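Notes to accompany the following structure.
Since the structure is predicted, the reported quantities are computational estimates derived from the model, not experimental observations. The chains referred to below are lettered A, B, ... by the order of the sequence lines, with proteins before strands, and numbering in each begins at 1.
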Protein chains: 2
Amino acid sequence: MKSKSSYGIRSIDVARLAGVSRSAVSRAFTEGAYIADETREKVLKASEQLGYSPNAIARGLITRRSRMVGVVVADLSNPFYAGVLEATCLKLQQHGLAPLLLSCRHSQDLDSLIPQLLAYQVDGVLIAASTLSSTIATQCARAGRPVVLINRYVSYDAVSAVTCDNVGGGRAVADRLVAGGHRRIAFLAGLEDTSSSRDREKGFVGRLGELGIALHARDVGNYAYEGATAAVRRLLSKRPRPDAIFCANDTMAIAAIDVARNEFGLELPRDLSIAGYDNIDAASWQGYDLTSVDQNLDRMVATAIDLLLRLRDDPGSRPQHVQVPARLEVRGSTRAVPPAKSVRRLTKLRGAGGSRAA
Amino acid sequence: MKSKSSYGIRSIDVARLAGVSRSAVSRAFTEGAYIADETREKVLKASEQLGYSPNAIARGLITRRSRMVGVVVADLSNPFYAGVLEATCLKLQQHGLAPLLLSCRHSQDLDSLIPQLLAYQVDGVLIAASTLSSTIATQCARAGRPVVLINRYVSYDAVSAVTCDNVGGGRAVADRLVAGGHRRIAFLAGLEDTSSSRDREKGFVGRLGELGIALHARDVGNYAYEGATAAVRRLLSKRPRPDAIFCANDTMAIAAIDVARNEFGLELPRDLSIAGYDNIDAASWQGYDLTSVDQNLDRMVATAIDLLLRLRDDPGSRPQHVQVPARLEVRGSTRAVPPAKSVRRLTKLRGAGGSRAA
DNA sequence: CTGAAAGCGCTTACAG
DNA sequence: CTGAAAGCGCTTACAG
């Protein structure tokens, strides 16, 4: 009538039903354990019958492996980070790991929340956030938990990082814009203190320089729609007006397109070319048709998780910074070649489609 | 040299340093425990010194409260669900709970993944997914874990649900479109087998009926940009052509706007009014300026978590279905009043701004 | 290949 | 208000 635990089948229950010891039950659920096929069958059958599966919490306590990974994501309203998170979940599942999530808009919160994550004995921490305070790294290092950053790196060498080749991505955009005949080229930065924005700018400006072109204008949009709206108003009010803008992410590029069309009556890519970064879903919407650098999310995430597991399992492994290649997804918001003639201001109609290149 | 555990400070370490028992250490970290202020101070000081915080895994094992909540989200590429997840994380944190995440695109996966979640002894499961197989509810019920659905309900009465007043939201859109003088009104459904799409349609069509208007056309877009693109092509090819479309979510409404403008040369809201549902970020972008029903995410999530905790803590509480009110966010994609004259096809320019109402 | 026993780090009646 | 002891559900050397 009055059982010790009202529900919850324990290994001892299965053991009794199968007529074996708790050790045998445990072994039946342990990959590669030394157990007779016949015994395992018996245990699995009894487990099925009772609806048993091992208590992961208890297992974690004894094995000192929680099989949970802390995942920190800054801003889920940014589709890029939502994509990172989705890819991370899928990949972790494939490794039999579960993501313990920490999402926060303000990075200052993070410092006080990381200890909570560590209290759950996560096997490691994956951080996908463009900004990051230094204490986080320290906290994790002190707890002996490997940390891998995604989309950002820091100089503390206790922390691994996986990033896209942001310099290369910036260079590719420069090549595309210059090929389209643009000469008054602007850059719209994300957050100034992020490695991602800095590297994209470095690659972009560097390549423009190699091609003999100086940056025409520069502003900051903080990776946000609102910030970019204000910045692009300033950029497009400049005389002579820029004829191309590279935005450090797609959300800002979309804001740029909206402002260019609705407030300045410009047509893309005739009057203005715009390119972004991240290749989010909205970049492929008809209304924007945005040329953008694809970060190869799946590969970044897979690399980060491999790194994390190696740091956890292989005592000889050292933290490192890995880059995955960037790929330019060319769409209609940038032109492939200079316009044949200088027929401007004929109409305000949107150039449906624009030129597509491979 | 060779300590039992290379890192990880245990309560016994703190106890020794503070000159108290492990019980005292435990009490110092337990809200409302019976302990002298002075003793607590000593323990906290020693803990700080050693960098100790209680092992949540071990605590969970003994208290039978993991303080983790399973969170299942279907499709993070949908900004609405990304928003749900972000709000959920924030709210759980405030309750001292941690979200164990399960994201999967295909709901069939879910059936095999829920047991994994339950193996971690989550205190309950929050499911934000428009589709959901029935076995999930059964699995959780069998394990005695409360389940609360967000944005969907099912008929199994073991499962609680929090939804927006989708019927009311649909009705509000009907009122707005009819006030704008529209008479050939279409509905674009999401996924046919979801309660959200069905209820929005029910409210919408029901209110139109009350106003003496029959639905002019109907199609299905599966809540996706691509699906909606194809459906809207069909809808707008119909003669007479619809003059307003209510789309069951914003992503589809955005696709509708893109197709209407770029493929049919229509201007909003003069030639066509479009309304959506969810009020995602992109709805407020200049390029769309989309009238949309706001689901009041924060309130839905807060309600769901309150419900979950009550189900966990109060043995007398029963599963229930709670609705939160919907609110129409009026923007320029729908007009406030019928057009003064029937001046059509004058220009293909986009109506910058459109009429804004409170 | 198997089982008895020890122990992971904590909390909580219980007796004082 | 405090501490000694039992126990949460599991895994894993160890001896057989």
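Close to C:dC8, at under 4.0 Å from its OP1 or OP2, lies no side-chain N or O of A:Arg64. Contact between the side-chain N/O atoms of A:Ser26 and the OP1/OP2 oxygens of D:dT11 is found at a separation under 4.0 Å. Listed pair B:Ser21 / D:dG3 meets the phosphate criterion, a side-chain N or O lying under 4.0 Å from OP1 or OP2. Applying the 4.0 Å criterion to OP1 and OP2 of C:dA13, one finds that B:Tyr34 has every side-chain N and O outside that range.
When the nucleotides D:dG9, D:dG3, D:dG7 are ranked by their closest atom to the side chain of B:Ile62, D:dG7 comes out on top.
Two residues, B:Ala24 and B:Ile57, neighbour DNA chain C, and the one matched to the more 5' nucleotide by heavy-atom proximity is B:Ile57.
Separating the CG atom of A:Leu61 from the P atom of C:dA6 is a distance of 18 Å, rounded to the nearest angstrom. As a whole-Å value, the separation of B:Arg59 CZ from C:dC8 C1' is 16 Å.
No engagement by A:Phe29 is indicated, since no non-hydrogen atom pair under 4.0 Å with the nucleic acid exists. Note on B:Ser11: only backbone sugar-phosphate atoms sit closer than 4.0 angstrom, heavy atoms only; bases stay farther off. The residue B:Thr63 sits close only to the backbone: its heavy atoms come under 4.0 Å of sugar-phosphate atoms, none of a base.
Contact annotation: the side chain of A:Leu85 approaches that of B:Leu101 to within less than 4.5 Å [non-hydrogen atoms, C-beta and beyond].
Remark: the backbone N or O of B:Ile35 is not paired with any side-chain donor or acceptor of B:Arg40 at under 3.5 angstrom.
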